[in-house]
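Down below is the structure, laid out as structure tokens.
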Amino acid sequence: MTGQEETIEYGSSILGYPRIGARRELKRALEKYWHLGGSVGDLIAVGRHLQDDMWQELAATGLEQVPGNTFSFYDHVLDNALMFAALPRRFAALEPELHPLDFYFMLARGKADFPPLELVKFFGTNYHYRQPEIDPDTTFSLHAESLLAEHARAKQQGIELRPVVIGPISLLLLSAAAPGAPEGFSPIDKIDELIPAYLHLFKELAAQGAKCVQLDEPAFTSDRTDEELALLGTVYDSLAAVSQRPRLLVTGQYGDLGAALPILAGTKIEAIGLDLVSEPISAAGLAKIPGLDRKRLYAGVINGRNVWKADKARTLDYLLAIKAVIPDVVVSTSCSLLHVPVDLLVEYDIPGDVADRLAFAKQKVGEVVALAKAVTHGAPEHWSDRPKSVHFKMKHDVRQRVSAIRPDQRERAPYEVRRKAQQQALGLPLVPTCTLGSFPQTAEIRQARYEYGQGRLTWDEYRHLLLDEIKRVIDLQEDIGLDVLVHGEVERNDMIEYFAELMDGYATTHFGWVQVYGSRCVRPPILYGDIKRQGPMTVEWITYAQSLTDKPVKGILTGPVTMLARSFVRQDQPLYETAEQLALAVRDEVADLERAGIRIIQVDEPSIRELLPLRERGRVGFLDWAVNAFKLAVGGAEAQTQIHAHIGYSSIASVVEAFDALDADVTSIVATRSIGWVLDQITSSGTAIKREVGPGVYESRSAAIPDIDEIDERIQRAAAAIDSDRLWVNPDGGLKTRHYWQLEPSLRNMVAAARRQRRRIDARPPS
């Protein structure tokens with residue numbers, strides 16, 4: 001069955017949906033199971049309930065096509081890899097010993113001697129996926145029991161699911177060569193061996209009566225080589241050529257398909273899904289693509305990555321113009337709704353003038369259905385009343401301050417001058433050790449925060465609990481022997497939300513949870529207006545911590561670009577203008593910390609990667625304003641104040657160039673699992689490292705406890721690329737998601753390994 005004879009006109013669909021549950025039911029079930037508080041059966045039952053509720057709810061909205069296979073217990077990329085038996089060889093011997101779910105979680109979370117698959121950002125979003133590992137010996141086969149069972153279960157209830165599967169090329173491009181794979185091997189080399197497993201899936205779905213399967217190829221919204229583009233045509237010609245299969249819908253989410261679109265339009269697949277939000281294509285532009293008018297076009301006009309309502313009248317005009325040149329149009333989302341909260345209607349505390357402009361996942365489904373009806377039957381009269389612009393009353397003092405920014409406000413004293421002043425002020429040993437900010441949030445602190453929010457604790461009671469916890473964190477670090485301490489961020493619910501609550505121009509939610517990975521969820525705040533700090537945000541906590549020790553305590557602030565990347569951001573002005581407002585707020589906090597005697601200040605910018613355009617053509621302009629925002633945030637710091645930057649390494653053309661551009665005194669990198677890549681970039685650049693670097697020697701998001709030798713090996717690799725007088729030893733991220741029984745031995749091993757390196761330096765003969 002190819003579906004070419006199918007005459008049903010589908011009008012509305014979405015490309016995916018949140019899977020954690022409206023009240024984070026999945027998170028609670030996972031953590032209960034991981035902490036030995038529930039059975040496998042209990043966890044599976046929760047998953048089944050969430051699955052069934054999801055597609056029953058979507059069908060009830062009037063949505064004409066419901067996506068299936070979008071639920072995951074941890075990560076859908078990992079699910080797809082295992083569905084095709086892309087099993088890392090280093091784990092294979094353990095598979096028979098474990099329940100399938102326990103084996104799955106071990107791949108995602110690791111255990112002693114088995115570090116997990118690497119956690120990697122997913123296409124400019126805040127979501128992380130576990131990167132599959134493939135080597136020349138990987139043998140693909142189909143294991144789609146869960147997908148087929150869900151489809152059959154829905155069909156029994158009268159709901160036709162459209163299974164969602166990562167396309168074969170993107171699955172391989174998202175994967176990494178397994179450790180030990182021959183030099184030059186790339187997972188995409190295995191494409192011909194993977195295709196039969198997809199054909200097997202199509203056969204099974206067709207036998208079960210599936211009408212359509214969605215194949216996501218987001219890799220083609222990034223720059224691709226001519227060979228990869230040619231492969232796209234070859235693969236989909238091959239997949240479309242078989243007779244026993246459902247219709248094939250190929251989607252390009254998170255950006256524009258560019259040169260890949262005419263290639264797909266030239267194949268015999270039946271349908272193409274486009275993100276028409278990130279980079280809209282005019283109806284005239286779509287009409288020029290040969291063959292596209294003979295496809296079913298899933299027009300992704302509802303934004304799957306932001307929370308603002310669509311202008312339905314304007315969007316309808318756009319859809320009607322498209323339908324005039326491409327007759328078979330399905331109204332859809334630009335990408336999966338995985339990246340937005342579930343339901344706006346459960347929120348009770350968002351200011352009315354902001355709430356009136358918002359749409360979460362449930363509301364976006366309603367927009368899709370309403371637009372599809374309007375395409376066929378015409379728009380309701382009230383649609384002619386344009387929604388209020390997402391533009392709020394401006395703060396003239398903020399606007400005036402931004403317009404008065406001078407170039408010299410982004411510059412500090414020359415680095416070597418600063419370095420000498422900082423060495424005298426801080427007196428740190430060679431290869432200093434530190435962490436990057438957060439410590440585990442204990443159950444007691446989380447409960448106290450909840451009770452304070454409910455009015456059951458007074459501010460003074462809550463504050464004293466926080467101060468007691470800060471003292472415990474400082475005492476522990478002193479005992480471990482770290483050289484630079486942190487206060488642990490115990491007062492912070494989240495690195496973004498905490499600061500958003502203390503700035504004008506932000507709204508926060510109570511239930512606006514979005515999955516980051518596994519059970520890790522955040523509530524991205526809504527940045528709707530001009531940004532202004534209400535007062536000092538961190539000074540009280542950090543200065544109290546500093547009063548408890550003679551060692552330097554590092555102040556930790558979230559940088560302007562990361563505040564943008566992990567918020568739902570206003571759309572009425574360019575991002576760089578909003579970044580400047582945020583940078584000024586951070587700049588004021590830096591000044592307050594300096595006045596309070598704090599001499600090391602870390603500004604976290606791990607999310608420069610998230611906002612980096614997927615295509616090269618937009619990256620230079622983005623990096624210019626992103627770097628300028630960081631430099632404005634720290635440009636007022638005194639020479640003896642050591643500024644640390646915490647950044648992600650991925651997709652930055654040259655790590656060394658990034659160091660130079662940001663002009664931070666110390667740069668810490670998310671790099672433990674990819675430390676070789678980072679060090680190769682440093683050594684191959686031919687440029688000596690002028691500043692200090694902490695390449696990350698302990699993976700903060702893994703449950704595994706690294707031993708001294710493992711960390712020591714990483715330090716030695718780093719010391720081969722970075723002079724010892726410029727090398728720091730630290731984890732590659734915050735430790736909020738760890739438990740103290742994991743954290744304490746890991747940090748003790750890290751300190752011991754750093755001391756080994758100091759002994760090696762001391763033992764060197766004088767030059």
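Only a predicted model underlies this, so the values are computations on that prediction, with no experimental measurement involved.
Between Ser12 and Gly62 the shortest heavy-atom distance is OG-O, 3.9 Å. Of all the heavy atoms in Leu614 and Gly124, the pair that sits closest is CD2-N, 4.3 Å. Closest of all the heavy-atom pairs between Ala310 and Ile302 is CB-CD1, 3.7 Å. Between Pro116 and Arg90, the shortest heavy-atom contact is O-NH2, 3.5 Å.
With hydrogens and angles left out, the side-chain atoms of Glu57 and Tyr17 include a donor and acceptor closer than 3.5 Å. Side-chain contact check for Asp75 and Tyr127: at least one donor-acceptor pair (N or O, by modelled atom type) lies under 3.5 Å. A donor-acceptor contact under 3.5 angstrom links the side chains of Asp275 and Ser278, judged on distance only. In summary, the side chains of His76 and Asn80 do not present any donor paired with an acceptor at a separation below 3.5 Å, with no hydrogens or angles considered. In this model, a donor atom of one side chain and an acceptor atom of the other lie less than 3.5 Å apart for Arg162 and Ser13.
By the 30° and 60° cut-offs, the orientation of the rings of Tyr33 relative to Phe105 is tilted.
Residue pairs meeting the salt bridge (Lys or Arg N to Asp or Glu O under 4.0 Å) criterion with at least one partner in residues 190-200, sequence neighbours excluded, are Lys190-Glu193. Identified under the salt bridge (Lys or Arg N to Asp or Glu O under 4.0 Å) test for residues 229-244, with sequence neighbours left out: none.
Among residues two or more places apart in sequence or in another chain, the side-chain contact (heavy atoms from CB on, under 4.5 Å) test is passed with Pro132 by Val77, Ala81, Tyr129, Ser175. Take Phe103 and apply the ring-ring contact (aromatic ring centres under 6.0 Å, His included) test, not counting sequence neighbours, and it matches no residue. A search for salt bridge (Lys or Arg N to Asp or Glu O under 4.0 Å) contacts involving Asp52 returns Arg153, not counting sequence neighbours. For Arg566, the salt bridge (Lys or Arg N to Asp or Glu O under 4.0 Å) partners at least two apart in sequence or on another chain are Glu610. With sequence neighbours excluded, the residues that form a side-chain contact (heavy atoms from CB on, under 4.5 Å) with Ser39 are Asp42. Residues satisfying the salt bridge (Lys or Arg N to Asp or Glu O under 4.0 Å) criterion with Arg520, sequence neighbours excluded, are Asp494. Qualifying side-chain contact (heavy atoms from CB on, under 4.5 Å) partners for Val514, counting only residues two or more places apart in sequence or in other chains: Pro341, Pro524, Phe568. In this view, His35 and His739 satisfy the side chain to side chain donor-acceptor pair (under 3.5 Å) rule, not counting sequence neighbours.
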Output a table of donor-acceptor pairs, distance under 3.5 Å, between side-chain atoms of residues 249-259 and any protein atom two or more places apart or on a different chain; print 'none' if there are none.
from, atom 1, to, atom 2, distance (Å)
Thr251, OG1, Asp216, OD1, 2.6
Thr251, OG1, Gln253, NE2, 3.3
Gln253, OE1, Ser336, N, 2.9
Gln253, NE2, Asp216, OD1, 3.0
Gln253, NE2, Asp216, OD2, 3.3
Tyr254, OH, His339, NE2, 2.8
Asp256, OD1, Arg615, NE, 3.3
Asp256, OD1, Arg617, NH2, 3.2
Asp256, OD2, Gly258, N, 3.3

Listed pairs under 3.5 Å, donor-acceptor, residues 201-209 side chains, sequence neighbours left out:
from, atom 1, to, atom 2, distance (Å)
Glu204, OE2, His200, NE2, 3.3
Gln208, NE2, Leu148, O, 2.8
Gln208, NE2, His151, ND1, 3.2

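For the pair Arg89 and Asp135, the salt-bridge criterion is met [side-chain N within less than 4.0 Å of a carboxylate O]. Salt bridge Arg48/Glu150: absent, no basic N to carboxylate O contact under 4.0 Å.
Residue His49 places its NE2 atom among 12 or fewer non-hydrogen atoms of other residues, nucleotides or ligands, all under 6.0 Å distant.
Side-chain contact check for His128 versus Phe122: every heavy-atom pair is 4.5 Å or farther apart. Residues Leu174 and Gln131 have side chains not in contact (no heavy-atom distance under 4.5 Å, counting atoms from C-beta outward). Leu15 is not listed as a side-chain neighbour of Val164, based on a closest heavy-atom distance of 4.5 Å or more.
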